[in-house]
Amino acid sequence: SSETKELESKDKDKDKDDGADGPMSPAEKSLLQKIIHKGLVESTKDLEIQRKDPSSPLYSVKSFELLHLKPELLKGVYAMGFNAPSKIQETALPTLLADPPQNMIAQSQSGTGKTAAFVLAMLSRVNVDKNYPQVLCLSPTYELAIQTGEVAAKMSQFCPEIKIKYAVRGEEVPRGSKISDHIIIGTPGKVLDWALKYRFFDLSKISVFVLDEADVMIATQGHQDQCIRIHKMLPKSSCQMMFFSATYEPEVMEFAEIIVSNPLIIRLMREEESLDNIKQYYVKCRSVEEKYVAITNIYSVISIGQAIIFCHTRRTAGWLAEKMTKDGHRVAILSGDLTVEQRIAVLDRFRAGLEKVLITTNVLARGIDVAQVTIVVNFDLPMDQNRKADCETYLHRIGRTGRFGKSGIAINLVDSEESALICQEIERHFNKKIHYLDAEDPDEIE
Ligand code: ADP
């Protein structure tokens with residue numbers, strides 16, 4: 001019954017955990033981003049391109065026709081609703097499809113079209129006359145591998161002869177047999193097992209190697225070493241190496257240098273969030289009840305758009321949601337104890353306007369691209385572990401990127417000396433006035 005004991009102690013921890021809602025794991029975050037970004041993230045930023053040999057011409061294309069894809073693949077691309085290449089695809093695709101093959105490192109935020117780019121390259125390189133794996137794509141988790149595989153399946157819907165195999169938990173291959181599929185998409189541990197332990201396929205015959213979500217890979221214990229072990233078995237001179245990441249930290253680049261020699265490096269800067277067209281207010285409250293009154297006063301004047309309310313703990317978020325619901329308001333709640341599927345369902349409903357208010361903890365400070373949100377309320381001001389102002393989180397909660405452009409309103413509820421100081425520190429940090437608002441008279445909100 002040691003198992004029961006372990007369960008009990010876990011549950012106790014859970015009870016205790018009404019404190020600050022922790023961040024999601026990088027893999028979870030990445031998956032959620034993938035699922036909630038239904039369309040392309042457009043960027044006004046320029047691409048930064050680095051290459052070892054600047055004398056060789058660099059192509060870029062404004063249409064998919066110019067890539068001279070197999071007609072069935074082009075049909076697949078259009079069937080997915082893609083009309084023209086995204087910013088990163090314009091430059092990545094000609095290089096990824098060129099002969100002789102070139103290596104690439106590409107970095108851009110999630111939703112900018114990286115997956116679609118390398119999947120198209122993977123599918124284009126398959127020789128269907130050869131019945132063995134030629135393309136290998138590593139993803140950090142089961143779920144992310146499936147996401148990539150689904151893109152590949154859709155894009156190759158008119159090329160039924162291309163076969164794709166998942167190397168993930170739950171997938172089995174009979175002992176002693178060989179895999180005849182052309183493309184393997186999987187997690188590093190399973191791929192290592194299949195290639196080295198069971199010899200289900202031959203890594204020396206791989207001609208395209210894709211390392212997806214490299215930054216998440218690094219963040220996952222043991223994955224980096226497994227990737228390097230796999231990489232060691234690939235034919236260095238004849239295998240095209242592609243490396244994709246949403247971030248560009250030094251560890252990511254060190255990893256990239258091990259995997260990819262002589263690459264073309266493409267980076268698309270993230271659009272910076274700013275407070276430029278946000279009106280910021282603070283409301284003085286003496287207690288949590290007064291905060292509640294302030295919220296309901298504000299709620300009563302929101303006639304257009306939607307609001308997001310940030311709380312510091314799951315407990316406060318739950319309390320607030322319950323109280324507002326009892327008072328007849330339609331609110332949604334999003335916190336760290338929900339599964340990914342539940343979070344998506346909550347966000348889908350909110351996006352569809354079924355609820356006007358979303359109450360959340362820190363889980364999604366960045367990445368809720370809900371353009372119609374006009375009011376952001378900090379029920380609790382964001383602070384770090386030392387209870388100091390967390391200006392970065394403030395910016396992610398309130399800030400808008402150029403692509404939303406719309407103006408918004410931020411309201412900070414201040415209920416103590418401490419939170420007043422945090423509010424002042426935020427004001428100083430951004431050098432932007434946070435105006436006093438009388439919550440009894442919320443008509444002041446412009
Ligand atoms: P990333 O891998 O950078 O996160 P994805 O390749 O998953 O980006 O693309 C993000 C979203 O944009 C997906 O929903 C995808 O179907 C869509 N998308 C990708 N490329 C295009 C394109 N050229 N035109 C329209 N939509 C696209």
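Counting starts at 1 for both ligands and their atoms, in listed order.
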J.: Are Lys388 and Glu425 ion-paired here, with the side-chain N under 4.0 Å from a carboxylate O?
T.: no

J.: Would you mind running through ligand 1 and noting each atom that sits below 4.0 Å from a heavy atom of Ser86?
T.: 23 (N)

J.: Measure the acute angle between the ring planes of Trp194 and Phe200, then classify it against the limits of 30° and 60° as parallel, tilted or perpendicular.
T.: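 Taking Phe200 first and then Trp194, their aromatic rings stand perpendicular (interplane angle over 60°).
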
J.: Only pairs at least two apart or in different chains count here, so list each ring pair (Phe, Tyr, Trp, His ring centres under 6.0 Å) that has a residue in residues 92-132.
T.: Phe118-Phe244

J.: If you take the nearest heavy atom of each of Phe64, Tyr78, Phe82, which one is closest to atom 22 (C) of ligand 1?
T.: Phe82

J.: Could you see which bit of Met80 sits under 4.0 Å from ligand 1, with heavy atoms only: side chain, backbone, both or neither?
T.: neither

J.: Considering both backbone and side-chain atoms of Thr112, is one of its nitrogen or oxygen atoms within less than 3.5 Å of a nitrogen or oxygen in ligand 1?
T.: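 For ligand 1, there is an N or O atom that lies under 3.5 Å from one belonging to Thr112.
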
J.: Quick one: look at Phe118 and ligand 1, take heavy-atom pairs under 4.0 Å, and tell me if it's side chain, backbone, both or neither.
T.: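 It is neither part, as no heavy atom is under 4.0 Å.
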
J.: As a test of understanding, state which of His312, Gln280, Arg397 forms a side-chain hydrogen bond (donor to acceptor under 3.5 Å, both in side chains) with Asn378.
T.: Arg397

J.: Under 3.5 Å between some N or O of ligand 1 and some N or O of Ser110?
T.: no

J.: Is it the case that atom CD in Gln221 sees more than 12 heavy atoms from other parts of the structure closer than 6.0 Å?
T.: no

J.: Polar-atom distance check: Gly81 versus ligand 1, any N or O pair below 3.5 Å?
T.: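 By distance alone, the answer is no.
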
J.: Step through the shown structure and confirm whether more than 12 heavy atoms of other residues, nucleotides or ligands are within 6.0 Å of CD on Glu251.
T.: yes

J.: What do we get for Ala84 next to ligand 1 when only non-hydrogen atoms under 4.0 Å count, side chain, backbone, both or neither?
T.: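 Within the 4.0 Å criterion, Ala84 contacts ligand 1 through backbone atoms alone.
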
J.: Quick one: does Thr115 get an N or O within less than 3.5 Å of an N or O on ligand 1?
T.: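 N/O-N/O distance below 3.5 Å exists for this pair.
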
J.: Under the side-chain hydrogen bond (donor to acceptor under 3.5 Å, both in side chains) rule, what pairs show up with a residue in residues 113-126, not counting sequence neighbours?
T.: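 Every pair satisfying side-chain hydrogen bond (donor to acceptor under 3.5 Å, both in side chains) with a residue in residues 113-126: Lys34-Thr115, Asp99-Arg125, Arg125-Gln240.
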
J.: Ignoring hydrogens, just give me the one of Ala106, Pro85, Gly113 whose non-hydrogen atom is nearest atom 8 (O) of ligand 1.
T.: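 Answer by nearest heavy atom: Gly113.
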
